[in-house]
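The structure appears below as structure tokens.
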Amino acid sequence: MLLVLPVVWQPGAGFATSLKLATWNLGWLTSRAAGDPALPDGIYRRNDADIARLAAYADHLDADIIGFQEVDGAPIAARVFRPPGYRIIMSGDHVAQQVGVAIRGSLNVTQNPVLTALNVYPPDAPHALRSGLDITVSDGRASLRLLVVHLKTGCWENTWTERQHACPTLRSQFAVLDDWALERNDSGEAFAILGDFNRRMTAGDPYFLSLTRDTPMRLTTAGRASPCWGGEYFIDHILLGGQARDWLTADSLRVMTYRDPGVTPAQLSDHCAVSVRLAFP
């Protein structure tokens with residue numbers, strides 16, 4: 001049975017005892033000029049008021065770490081996740097839809113090599129797929145390895161054997177995630193994979209099960225439906241592996257919906273921020 005989540009503003013807490021972890025697709029957040037060949041025709045161009053509204057929502061979200069997607073570089077990301085409260089790390093892909101992370105200034109961060117293997121397209125493909133941003137955060141006592149992703153769109157709930165659309169590409173990307181998770185499991189690391197999976201995953205979904213054959217993981221959105229923009233199934237997920245599976249605070253899954261009558265998804269985002277709380281040992 002699917003349950004719709006309550007919408008709750010939840011204040012932050014010290015990383016020594018609790019960590020609020022979020023993922024948020026910001027929907028073509030770019031400062032590129034109109035007509036730039038990297039942008040699709042007709043893309044909505046946010047104005048200063050739109051960005052200020054997003055920044056206010058980021059303040060309300062009040063997360064310690066936000067993995068974000070569809071952002072064209074650190075300068076515009078910093079207008080939403082403002083310093084000195086947050087530091088910005090980007091994947092550095094040469095695309096207009098990069099992934100990144102905003103991190104509280106008090107956390108220790110190690111940036112690991114970007115997971116370029118998620119670009120499973122051949123070198124001569126006209127467009128590249130997005131890399132995964134790989135970091136490790138620590139409070140000096142416990143550490144958490146994080147992989148922020150934005151996977152291929154178009155295989156929302158198709159069967160595992162689907163040979164058309166985006167499904168073969170998405171399966172290849174899931175194989176890369178499986179390898180990454182297995183390495184974390186073998187090294188005894190607590191880890192999370194978070195972001196826009198472009199897949200309506202459930203605990204019984206064959207794509208999710210393909211990740212858990214070798215490495216047990218917890219799908220924090222399992223059994224839930226999202227209230228975002230009137231209600232939908234989750235495609236933005238937070239997966240926990242290793243010791244992090246036991247760090248999830250019960251009933252902490254939240255979706256931050258928008259409260260601006262008359263404001264469209266294009267002005268804010270067609271995605272809502274999804275968050276959980278982790279209790280460190």
Side-chain angles (χ1 to χ4, degrees), residues 2-5 7 19-27 61 63 65-70 91 97 99-101 115 118 129-135 144-158 160 166-167 169-171 173-178 180-181 184 190-213 215-229 231-242 244-245 247-257 269-278:
L2 287 169
L3 302 175
V4 176
L5 291 173
V7 181
L19 173 74
K20 187 173 183 181
L21 178 63
T23 181
W24 191 8
N25 184 321
L26 288 162
L61 179 61
I65 299 175
I66 307 104
F68 56 81
Q69 302 83 40
E70 294 195 25
S91 63
Q97 287 192 343
V99 302
V101 65
L115 188 62
L118 282 175
L129 295 171
R130 294 157 289 238
S131 300
L133 181 62
D134 186 342
I135 66 169
L144 178 67
R145 186 86 173 251
L146 296 168
L147 182 67
V148 183
V149 302
H150 186 184
L151 303 184
K152 175 65 176 175
T153 189
C155 188
W156 310 107
E157 51 194 16
N158 305 55
W160 179 257
C167 293
T169 300
L170 190 64
R171 284 197 297 273
Q173 290 186 307
F174 267 69
V176 173
L177 295 182
D178 183 34
W180 185 89
R184 308 287 74 77
F191 68 90
I193 306 175
L194 64 158
D196 182 353
F197 286 74
N198 274 311
R199 178 76 186 176
R200 299 183 184 110
M201 287 195 297
T202 65
D205 177 54
Y207 281 74
F208 175 67
L209 293 175
S210 75
L211 294 178
T212 61
R213 282 195 297 263
T215 307
M217 277 185 264
R218 188 167 186 172
L219 179 63
T220 62
T221 52
R224 303 280 183 167
S226 169
C228 189
W229 291 113
E232 59 186 24
Y233 290 97
F234 281 105
I235 63 172
D236 303 288
H237 301 282
I238 301 173
L239 280 59
L240 303 175
R245 287 178 296 152
W247 295 351
L248 179 65
T249 300
D251 299 320
S252 66
L253 180 66
R254 295 289 184 271
V255 175
M256 184 183 70
T257 59
S269 173
D270 55 345
H271 296 247
C272 298
V274 177
S275 66
V276 297
R277 282 192 175 275
L278 305 182

key: Leu147/Leu177 under side chain to side chain contact (heavy atoms under 4.5 Å, CB included): CA gap, chis, key distance, verdict   = CA-CA 9 Å; Leu147 182 67; Leu177 295 182; 3.7 Å; yes
request  = Output, in order, the C-alpha distance, side-chain angles, deciding distance and verdict of side chain to side chain contact (heavy atoms under 4.5 Å, CB included) for Ile235 and Asp196.
outcome  = CA-CA 6 Å; Ile235 63 172; Asp196 182 353; 3.7 Å; yes
inquiry  = Pair Thr23, His271 - check side chain to side chain contact (heavy atoms under 4.5 Å, CB included), show working.
reply    = CA-CA 10 Å; Thr23 181; His271 296 247; over 6 Å; no
key: Worked verdict on Leu21 versus Leu146 for side chain to side chain contact (heavy atoms under 4.5 Å, CB included)   = CA-CA 10 Å; Leu21 178 63; Leu146 296 168; 4.1 Å; yes
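The nearest pair of heavy atoms linking Gly241 to Met217 is CA-CG, 4.1 Å. Listed here is the closest heavy atom pair of Phe234 and Ala225: CE1-C, 3.8 Å. When all heavy atoms of Leu118 and Gln173 are compared, the closest pair comes out as O-NE2, 3.0 Å. The minimum heavy-atom distance between Val99 and Val149, with the atom names listed, is CG1-C, 4.1 Å. Contact between Met256 and Cys272 at its shortest, heavy atoms only, is O-CB, 3.2 Å. Asp251 and Arg224 make their closest contact through OD1-NH2, 4.0 Å (heavy atoms, listed as atom of the first residue, atom of the second, distance).
Listed by chain and residue number, Gln97, His150 satisfy the side-chain hydrogen bond (donor to acceptor under 3.5 Å, both in side chains) test with Arg130 (two or more places apart in sequence, or in another chain). With sequence neighbours excluded, the residues satisfying side-chain contact (heavy atoms from CB on, under 4.5 Å) with Ala244 are Leu144, Ala190, Leu240, Trp247. Residues that satisfy the salt bridge (charged side-chain N to carboxylate O under 4.0 Å, His left out) test with Arg171, not counting sequence neighbours, are absent from this structure. Under the salt bridge (charged side-chain N to carboxylate O under 4.0 Å, His left out) criterion, Glu157 pairs with Arg200, not counting sequence neighbours. Legend: residues meeting side-chain contact (heavy atoms from CB on, under 4.5 Å) with Ser131, ordered by chain and number and at least two apart, are Asp93, Val114, Thr116. Judged as a salt bridge (charged side-chain N to carboxylate O under 4.0 Å, His left out), and not counting sequence neighbours, Arg218 has no contacts. For Asp178, the salt bridge (charged side-chain N to carboxylate O under 4.0 Å, His left out) criterion is met by no residue, not counting sequence neighbours. Among residues two or more places apart in sequence or in another chain, the ring pair (Phe, Tyr, Trp, His ring centres under 6.0 Å) test is passed with Phe174 by Tyr207. With sequence neighbours left out, Asp270 forms a side-chain hydrogen bond (donor to acceptor under 3.5 Å, both in side chains) with no residue at all. Residues forming a side-chain hydrogen bond (donor to acceptor under 3.5 Å, both in side chains) with Ser269 (at least two apart in sequence, or on another chain): none. Trp156 is linked by a ring pair (Phe, Tyr, Trp, His ring centres under 6.0 Å) to nothing, counting only residues two or more places apart in sequence or in another chain.
Atom CG of Leu209 is separated from atom CH2 of Trp160 by 9.5 Å, given to the nearest 0.5 angstrom. Distance OG/Ser275 to CG/Leu19: 10.5 Å, rounded to 0.5 Å. In this structure, CG in Leu194 is found 7.5 Å from CD in Gln69, a value given to the nearest 0.5 Å. How far CD1 of Ile135 is from CZ of Arg145: 10.0 Å, rounded to the nearest 0.5 Å. To the nearest 0.5 Å, the span separating CG on Leu278 from CD1 on Ile238 amounts to 8.0 Å. Taken from CZ in Phe191 to OG1 in Thr215, the straight-line distance is 5.5 Å, to the nearest 0.5 Å.
Side-chain contact check for Asp205 versus Leu219: every heavy-atom pair is 4.5 Å or farther apart. The shortest side-chain heavy-atom distance between Leu239 and Leu211 falls under the 4.5 Å cut-off.
Proximity of a side-chain donor or acceptor of Glu232 to a complementary backbone N or O of Ser226 within less than 3.5 Å is not detected. In this structure, the side chain of Thr221 does not engage the main chain of His237 through any donor-acceptor pair within 3.5 Å. Distance alone, capped at 3.5 Å, is enough to place a donor-acceptor pair between the Arg199 side chain and the Asn158 backbone.
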